[in-house]
Amino acid sequence: MIIRVPAPADLPALRAVERAAGEQFRDLGMARIADDEPPPLALLTQYQRAGRALAAYDTDRPGAPPVGYLLWDPVDGCTHVEQVSVHPDRARRGIGRALLDRAERDGGRPALTLTTFTEVPRNAPYYTRLGFRTLDGTELTPGLRAIRVHEAELGLDRWPRVCMRRDAVAGPAGSATSGPRT
């Protein structure tokens, strides 16, 4: 698997990955989430140009479509995962984990944070298996509080959501690696 900043020509394919991944919410009674539009090309371009978009590819062959992607923002000294999606045809192959690990390394901050649905199996339970922990209200930074307010304004609080964090730990030879793995 290859993970890199996507080329401009690959950005429309990220939207297709998002649409396909979103369809899985329909089976959970979350049609509003499934119907949500992917990030517009202009926003994806901003992330790509800033080096805060990552895409996963099965091969480095020119023209190979991305099979997953991640967008991140710096929030209160952490690498905040704004979006991570993997095409359902490529699920359960470590792509999401690899994207998160790369964002942790590229972000160069002491932790990854994200917000997610608690009752969706491939959301909070999945992130817990990857070493994330749920933050209680006293641990929320101003930036995370602002993100949660914005999510509530968008109606995402119709379903239970949480903020999660995974602290980076020093690995061999001082490299940054993620926390506990299961």
Side-chain angles (χ1 to χ4, degrees), residues 3 5 14-15 17-18 21-22 24-25 28 30 32-40 42-56 68-86 95-171 175-182:
I3 296 180
V5 173
L14 301 184
R15 290 174 49 89
V17 167
E18 180 68 20
Q24 299 174 72
F25 285 94
L28 299 171
M30 299 171 75
R32 184 177 173 281
I33 302 301
D35 294 337
D36 195 30
E37 273 297 303
L43 182 60
L44 291 172
T45 299
Q46 289 174 4
Y47 276 99
Q48 184 262 347
R49 287 181 178 162
R52 295 191 332 261
L54 296 170
Y69 80 99
L70 181 147
L71 306 175
W72 66 270
D73 290 310
V75 174
D76 297 332
C78 295
T79 300
H80 182 75
V81 178
E82 175 60 31
Q83 180 64 43
V84 60
S85 294
V86 174
I95 295 168
R97 176 188 301 232
L99 285 163
L100 290 163
D101 290 348
R102 176 67 181 267
E104 180 178 270
R105 188 177 79 224
D106 287 3
R109 289 166 173 81
L112 286 177
T113 60
L114 55 81
T115 61
T116 193
F117 296 108
T118 62
E119 297 174 1
V120 175
R122 64 195 162 277
N123 282 196
Y126 169 74
Y127 296 120
T128 299
R129 289 191 304 274
L130 296 183
F132 284 82
R133 66 179 179 81
T134 299
L135 299 176
D136 68 36
T138 65
E139 297 176 288
L140 298 185
T141 63
L144 290 176
R145 287 182 195 282
I147 289 167
R148 289 294 293 121
V149 166
H150 179 67
E151 290 176 347
E153 290 168 351
L154 295 174
L156 295 179
D157 280 4
R158 177 176 172 194
W159 303 277
R161 288 183 69 77
V162 293
C163 291
M164 300 184 83
R165 176 183 173 115
R166 182 174 85 182
D167 292 316
V169 296
S175 66
T177 59
S178 58
R181 300 285 187 221
T182 57

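Small disclaimer: the values here were computed from a predicted structure and weren't measured.
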So which heavy atom on Ala53 is nearest to which on Leu71, and how close?
CB-CD2, 3.7 Å
Is there a side-chain contact (heavy atoms from CB on, under 4.5 Å) between Leu156 and Arg32? Walk through the geometry before answering.
CA-CA 9 Å; Leu156 295 179; Arg32 184 177 173 281; 4.0 Å; yes
Would you find a donor on one side and an acceptor on the other, under 3.5 Å apart, between the side chain of [X] and the backbone of [Y]?
{"X": "Asp136", "Y": "Glu139", "value": "yes"}
{"X": "Arg145", "Y": "Gly137", "value": "yes"}
{"X": "Arg52", "Y": "Gln46", "value": "no"}
{"X": "Arg161", "Y": "Thr118", "value": "no"}
{"X": "Asp73", "Y": "Val75", "value": "no"}

Which residue, Thr79, Thr113, Asp101, Thr128, forms the side-chain hydrogen bond (donor to acceptor under 3.5 Å, both in side chains) with Arg166?
Asp101
Hey, is [X] close enough to [Y] for a salt bridge, meaning N to O under 4.0 Å?
{"X": "Arg148", "Y": "Glu153", "result": "no"}
{"X": "Arg109", "Y": "Asp76", "result": "no"}
{"X": "Glu37", "Y": "Arg15", "result": "yes"}

Donor-acceptor side-chain pairing of Glu151 and Thr115 below 3.5 angstrom
yes
Going by atom types only, do Tyr47 and Glu82 share a side-chain donor-acceptor pair under 3.5 Å?
no
Interatomic distance, Gln83 atom CD to Leu70 atom CG [nearest 0.5 angstrom]
8.5 Å
Crowded around Arg133 CZ? As in, over 12 foreign heavy atoms under 6.0 Å?
yes
Are any of the side-chain heavy atoms of Trp72 and Val84 separated by less than 4.5 Å?
no
State, with a plain yes or no, whether a side-chain heavy atom of Phe117 is found less than 4.5 Å away from one of Pro125.
no
